Chemist: 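There's a structure below that I have some questions on.
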Amino acid sequence: MKYTRIKGTVDIYGDEMDYWLAIENATRQVANLFGYSEIRTPIIEPTELFVRSVGQETDMVQKEMYTFTDRGGRSITLRPEGTAPVVRAFIENSMINLGFPQRFFYIGPMFRYERPQKGRQRQFHQVGFELLGPSPTADAEIIHIAVRILKEIGLSKFKVVINSIGCDKCRPRYKEALKEYYSHHLDEVCDDCKRRYSTNILRLLDCKVDVEIAKAAPKSVDYFCDECREHYTRLKDLLKLLDIDFEEDHRLVRGLDYYNRTVFEIRHELLGAQDAIAGGGRYDKLVEELGGPHVPALGFAMGMERIILAMKEEGVKPPEALQHQVFIAHVGDVMEPVFRLAEDLRREGITVDVEVMERSLRAQLKHADRIGARIVVIAGENELSRDVVVVRDMESGEQSEVDLGFAVDFIIDKLKKM
RNA sequence: GUGGCCAUAGCUCAGCUGGUAGAGCGCCUGACUGUGGAUCAGGUGGUCGUGGGUUCGAAUCCCACUGGCCACCCCA
């Protein structure tokens with residue numbers, strides 16, 4: 001094979017596309033119901049944008065970015081996530097003048113240079129929502145939307161996990177407590193944890209090896225400042241009001257530096273190692289960090305590939321995006337009336353395939369059957385010389401001769417009854 | 001970046017201890033000269049992932065590379 005896909009990428013087509021459209025349709029529908037407008041930002045951004053926002057020390061920046069130098073000598077990166085570009089666009093276009101709050105959603109490809117596995121590719125796709133606003137009500141709304149979309153798609157076997165990692169004011173105290181605690185267990189934890197003890201102490205909490213040690217570790221809740229405690233408590237109350245089931249997990253910390261206070265994840269029960277189908281949190285300092293005004297905000301992203309895996313695991317079938325309704329088979333020199341009939345039907349919103357291969361009638365019927373056409377119109381010289389066509393119901397096999405002038409009404413009527 | 005398993009027709013796979021490729025499905029044609037789905041018959045289709053090595057001879061053994069899957073790491 002001469003040319004093949006780049007490692008970690010896939011071609012999406014055919015029946016598979018139905019899954020994608022189901023997710024996109026659910027997203028747009030829910031976005032519309034909650035008043036979110038779509039934003040499309042470039043796929044390439046200055047490298048520095050992600051270094052600043054996601055964090056110099058994160059794995060995403062350290063070893064997962066697709067970065068290259070363009071012909072002008074600029075360092076460019078294929079976006080590894082969607083929040084930083086949205087915030088950049090918000091600042092650059094002075095959207096602050098549009099008033100508050102502001103609500104955005106996006107759908108598109110992201111790129112991370114990782115080793116592919118189940119639920120993980122190098123080019124993957126996310127649906128994301130961002131809400132620029134400060135209150136716990138905003139947090140509840142964002143989680144509400146994520147759950148709503150998943151339900152709209154037809155999923156049910158997932159759970160919402162939430163936590164708060166405090167803010168700049170109270171997190172240092174919490175980190176101290178963790179260091180103190182882990183200093184007594186350093187010889188028991190895994191090598192990764194030993195390394196992160198000094199680089200990123202919070203991450204020791206979600207280590208999968210030393211689960212018991214992490215479970216017994218100090219919890220952020222016990223170190224919150226008054227504001228963080230109030231925010232977190234209020235969020236939980238609001239989620240209950242919205243009838244959203246959630247679990248608290250003090251070990252949930254996220255890998256992006258910009259998060260503070262609320263973080264959450266939605267995990268699917270039937271997936272493998274990569275079971276997080278959505279994740280997000282609050283980022284109150286990010287807008288300022290990127291040179292904008294003080295604008296507290298939060299958001300989340302859902303992994304479309306993972307949602308499709310979840311749909312398949314749960315047996316959720318997306319609706320067929322393309323339904324072949326009418327196939328026009330023709331024999332002989334009859335194109336003028338055939339084209340006219342096809343156009344008349346399409347004007348009524350009916351999907352019409354016209355034979356373009358000049359095959360035998362038998363082959364045309366076979367093709368019509370394969371694409372799932374409900375009705376086949378047989379237009380031959382025999383019929384058209386008498387100004388009629390044959391209309392065949394492909395399910396029952398019933399055929400009727402219909403005057404050309406009544407064919408459209410006849411077919412519309414027949415489709416309605418199917 | 002690390003580890004395990006894997007790579008034969010469009011798809012799913014067989015091919016035992018080395019003797020130079022097969023099935024099912026699909027696709028095309030015909031039986032049915034202008035009528036799909038069933039059946040039957042015929043046909044199409046592969047430099048056995050790539051490169052090298054061992055051998056008289058390699059799809060089969062060895063090495064490297066590439067790619068795939070799964071897991072680690074990390075994340076959606």
Side-chain angles (χ1 to χ4, degrees), chain A residues 1-2 4-10 23 54 57-65 80-83 107-128 146 150 158 190-193 195-196 200 203 206-209 252-256 259 263-268 271-281 299-310 327 329-332 334 355 357 359-384 390-399:
Chain A
M1 200 87 60
K2 196 159 186 187
T4 58
R5 275 174 272 128
I6 296 293
K7 181 175 178 147
T9 65
V10 295
I23 297 171
V54 174
E57 299 306 319
T58 58
D59 280 21
M60 207 157 114
V61 166
Q62 289 274 318
K63 50 186 207 190
E64 293 174 7
M65 293 206 300
E81 62 106 42
T83 299
I107 301 177
M110 305 293 163
F111 303 83
R112 292 184 202 170
Y113 192 88
E114 298 184 276
R115 193 81 172 259
Q117 71 182 75
K118 186 177 184 181
R120 201 175 67 185
Q121 294 163 195
R122 289 186 173 178
Q123 176 176 337
F124 62 105
H125 300 77
Q126 288 187 330
V127 158
L150 295 174
F158 57 84
C190 69
D191 291 346
D192 282 328
C193 286
R195 183 167 43 78
R196 291 201 204 108
N200 194 346
R203 295 225 63 100
D206 68 357
C207 176
K208 283 160 190 154
V209 185
L252 174 64
V253 291
R254 316 222 76 236
L256 283 62
Y259 286 126
V263 290
F264 75 98
E265 233 172 61
I266 298 181
R267 299 178 189 146
H268 196 269
L271 261 39
Q274 312 302 328
D275 66 346
I277 54 177
F300 77 91
M302 301 194 312
M304 297 176 79
E305 283 83 357
R306 288 185 189 177
I307 287 172
I308 290 171
L309 288 173
F327 180 85
H330 53 84
V331 180
V334 292
E355 167 72 3
M357 303 288 287
R359 289 175 287 205
S360 68
L361 184 58
R362 180 184 162 74
Q364 295 187 51
L365 263 297
K366 200 176 167 72
H367 174 74
D369 182 53
R370 185 162 39 225
I371 63 175
R374 322 293 296 273
I375 287 174
V376 169
V377 173
I378 298 169
E381 286 171 327
N382 295 351
E383 290 80 16
L384 286 163
V390 169
V391 176
R392 181 180 179 86
D393 177 331
M394 288 298 276
E395 206 180 325
S396 66
E398 257 173 59
Q399 294 195 169

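The chains referred to below are lettered A, B, ... by the order of the sequence lines, with proteins before strands, and numbering in each begins at 1. Keep in mind that this is a model prediction, so the values were computed, not measured.
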Chemist: How would you list, by chain and number, every residue that makes a side-chain contact (heavy atoms from CB on, under 4.5 Å) with A:Glu395, sequence neighbours excluded?
Modeler: A:Asp393

Chemist: Check nucleotides 2-10 of chain B against the protein and report each pair of N or O atoms closer than 3.5 Å, with its distance, or say if there are none.
Modeler:
residue	atom	partner	partner atom	Å
B:U2	O4	A:Arg115	NH1	2.7

Chemist: Only counting residues at least two apart or in another chain, list the ones meeting ring-ring contact (aromatic ring centres under 6.0 Å, His included) with A:Phe300.
Modeler: A:Phe129

Chemist: Knowing that exactly one of A:Ile378, A:Asn382, A:Leu361 qualifies, which makes a side-chain contact (heavy atoms from CB on, under 4.5 Å) with A:Val331?
Modeler: A:Leu361

Chemist: Could you pull out every donor-acceptor pair under 3.5 Å between side chains of residues 116-124 of chain A and any protein atom, sequence neighbours left out?
Modeler:
residue	atom	partner	partner atom	Å
A:Gln117	OE1	A:Arg120	NH2	3.4
A:Arg120	NE	A:Arg115	O	3.2
A:Arg120	NH2	A:Arg115	O	2.5
A:Gln121	NE2	A:Gln123	O	2.9
A:Gln121	NE2	A:Glu305	OE2	3.4
A:Arg122	NE	A:Glu114	O	2.7
A:Arg122	NH2	A:Glu114	O	3.3
A:Gln123	NE2	A:His125	NE2	3.3

Chemist: Looking at A:Gln117, I'd like to know whether one of its side-chain N or O atoms comes within less than 4.0 Å of OP1 or OP2 on B:C70.
Modeler: no

Chemist: N/O contacts under 3.5 Å, protein versus nucleotides 24-35 of chain B?
Modeler:
residue	atom	partner	partner atom	Å
B:C27	OP1	A:Arg370	NH1	2.5
B:C28	OP1	A:Arg370	NH2	3.1
B:C32	O2	A:Arg362	NH1	3.4
B:G34	N7	A:Asn382	ND2	3.3
B:G34	O6	A:Asn382	N	2.9
B:G34	O6	A:Asn382	OD1	2.7
B:G34	O6	A:Asn382	ND2	2.2
B:G34	N1	A:Glu383	OE1	2.9
B:G34	N1	A:Glu383	OE2	3.0
B:G34	N2	A:Glu383	OE1	3.4
B:G34	N2	A:Glu383	OE2	2.7
B:U35	O2	A:Arg392	NH1	3.2
B:U35	O2	A:Gln399	OE1	2.7
B:U35	N3	A:Gln399	OE1	2.9
B:U35	N3	A:Gln399	NE2	3.3

Chemist: Kindly indicate whether the side chain of A:Phe327, heavy atoms from C-beta on, has any atom under 4.5 Å from the side chain of A:Glu355.
Modeler: yes

Chemist: Reckon A:Arg112 has a side-chain N or O less than 4.0 Å from the OP1 or OP2 of B:G1?
Modeler: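 Checking B:G1 against A:Arg112, no side-chain N or O comes under 4.0 Å of OP1 or OP2.
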
Chemist: Run through RNA chain B and report every stem of 3 or more consecutive Watson-Crick or G-U pairs, distances under 3.5 Å, ordered by first number.
Modeler: B:1-7 with B:66-72, B:10-13 with B:22-25, B:27-31 with B:39-43, B:49-53 with B:61-65

Chemist: Atom OH of A:Tyr259 and atom C1' of B:C75: how far apart are they, to the nearest Å?
Modeler: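 Whole-Å distance recorded here is 10 Å.
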
Chemist: Spell out yes or no: do the side chain of A:Arg306 and the base of B:C75 have one donor N/O and one acceptor N/O closer than 3.5 Å?
Modeler: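 Check passes, donor-acceptor contact within cut-off.
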
